[in-house]
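Step one of this worksheet: look at the structure below.
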Amino acid sequence: MKNEAVKIFQKKKSTILENWMNNQLQDDGLREDLMSNEDLRLQSEELLSSLVDSLTDANIESSGSGDFDTIRDILASISISRAKQGYSPRETGLFVIGLKDALLKTLGTEIKDPETLYKQSMMVNKVMDNFAMHTFETFIKGREEVILRQTDEIADISTPVIRVWDGILALPIIGTLDSSRTQIVMENLLQEIVDSGSSIAILDISGVPAVDSLVAQHLIKTVAATRLMGAECIISGIRPEIAQTVVHLGIDLSQIITKASLASALKTAFNIMQLEVNKKQKLKA
Amino acid sequence: MEKIPILKMGSFLLVTIQVDLYDQLAENLESDLINMVKKTGAKGVLIDVSSVSIIDSFMGRILGNIATMSRIMDASTVVVGMQPAVAITLVELGLPLKGVYTALNVEKGMDLLRSKILQEEGPQDDDDDGDEDHTE
Amino acid sequence: MTTTETKIILNKDILRITKDSDVVPYRNRVKEYAVKIGMSLVNQTKLITGASELVRNMLKYGGGGEARIEVITQGRNTGIRLVFTDQGPGIPDIKRAMTDGFSTGKSMGLGLPGTKRLMNEFDIQSEPGVGTTVTVVKWKNG
Ligand SMILES: Nc1ncnc2c1ncn2[C@@H]1O[C@H](COP(=O)(O)OP(=O)(O)OP(=O)(O)O)[C@@H](O)[C@H]1O
Ligand SMILES: [Mg+2]
């Protein structure tokens, strides 16, 4: 038995495309800022052609069929690129839902017998819902990629190494110090020590909201690695509440030079380097 | 059998580790170096590891042994030029490198050794102000 | 990140380790693979250091054995899996062997616990009289 819906879609392809385009263009949320109507039309046409081409009497009832791989790929690339461009899930979803509406509308005008119409509509519904679900899944994957990339960028930006003096580096840490962040901090710091030949590094943690034993562990490791390279590492910006938690948690920081402020850490650094900062003296004649 | 050359520089010995050491070579280095310390009466040993790309517990133990043995013979050991990736890995591995001093490069390593020797010779030396620790 | 996805082997290589002088060539081979997949320098160093520990253990305690290097992917991740298999005496108490400082070889006892810290995944199977297999994974950006 030849499947009605498949036949109709093949015959009415251009009508369906028009309907679908209208559905999309009528939506208030259409983002002409993100994509031109021309591009939207091309994308839609590609998807529809591929759908009509791969839909057969046999596979219309099994939406998981491998015949639809091309469609799934197209949908995936569309939704991933939309996720990256900043489309909302609603906008992305409408793309597929709009096609479903157009397909069902065409069936409604072409099939006269109510029972056949019902059966065929259910079938099309199922196939399209499956595609919609797939679109959402990939859309979310796309967003996750964006988030991962941003996390990397933030981690990079937020760990600048400053050369405060010849031979002295300062590294203000702002935000939570987790293990992947520590890794980046450590790498940046140690590389900068090599590049600048600095023998003292000041790690300022006044911007770190809390120090628990894990963070302390990370700090201790950073200091240990710095020392292995032959430089000294001073931790500054220890607020009173941090000192309190450190003691309460029984964390041993005795092997580390700690200072309350960046200024006093700098003073210590000068001391280690045997430098002295003096007020300029006016010479009396 | 190939050998790792040991250079004498004044009262210090300098070893530059060029290749990733084969185990036998590393163990030879340990005994060669200790013999050299004895023969020359060297006050310090500099081990330049700037071209070493990995230090595992085996190498770490050899470095530690050299330091301990030198210490007994009244010489200090400085490991110089450790690469950042190697330092990070050693910390994670948990290797303490006990008794070993470290410096960024050979020059700074020599400075460090000189100041150690000065320190040990006691504070009764001349008043050549500048490079003595403050006592406050 | 999904860890339920299965690991797929893209490439593999097997080396026999029987003597001390096999250690450095083996390490170099691991490095080649790590460089090929674009592993970061720090992760490369951690991987090779851990590999060195395990291959030495295999020689010292297991009487030599087989070291396998695999390039694997899992979901978004690419990495290196190393498998060390020996038919040596085995380890009677794995929990103790995994403790910092435990050594039957008058050494520092850092090899096993330290390597676990350096890797993303670490598994050890051992049966006295049969042998020991250690499997580790280091991801490219792990
Ligand atoms: N392949 C193996 N076969 C049998 N026993 C093993 C094997 N690998 C490790 N062991 C046992 O586990 C102990 C701990 O190993 P680990 O590598 O942590 O320390 P180590 O080799 O003794 O010292 P280090 O690695 O610090 O030089 C060893 O002393 C040995 O008893
Ligand atoms: Mg070991």
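Keep in mind it's a predicted model, so treat the numbers as computed, not measured. Chain letters run A, B, ... following the sequence lines, proteins first and then strands; every chain starts at 1.
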Would you list the atom pairs in which one atom of chain C and one of chain B form a donor-acceptor pair under 3.5 Å?
from	atom 1	to	atom 2	distance (Å)
Ser52(C)	OG	Asp56(B)	OD2	2.5
Glu53(C)	OE1	Ser57(B)	OG	2.7
Glu53(C)	OE2	Ser57(B)	N	2.5
Glu53(C)	OE2	Ser57(B)	OG	3.0
Arg56(C)	NE	Asp56(B)	OD2	2.7
Arg56(C)	NH1	Asp23(B)	OD1	2.9
Arg56(C)	NH1	Asp23(B)	OD2	2.2
Arg56(C)	NH2	Asp23(B)	OD1	3.3
Arg56(C)	NH2	Asp56(B)	OD2	3.2
Arg117(C)	NE	Glu92(B)	O	2.8
Arg117(C)	NH2	Leu93(B)	O	2.8

query = Side chain, backbone, both or neither: which part of Leu90(B) has an atom under 4.5 Å from a heavy atom of chain C?
reply = neither
request  = Answer yes or no: does atom CE of Met73(B) have more than 12 heavy-atom neighbours from other residues, nucleotides or ligands under 6.0 Å?
outcome  = yes
note = Interatomic distance, CD1@Ile55(B) vs CD1@Ile48(C), rounded to 0.5 Å, equals 13.5 Å
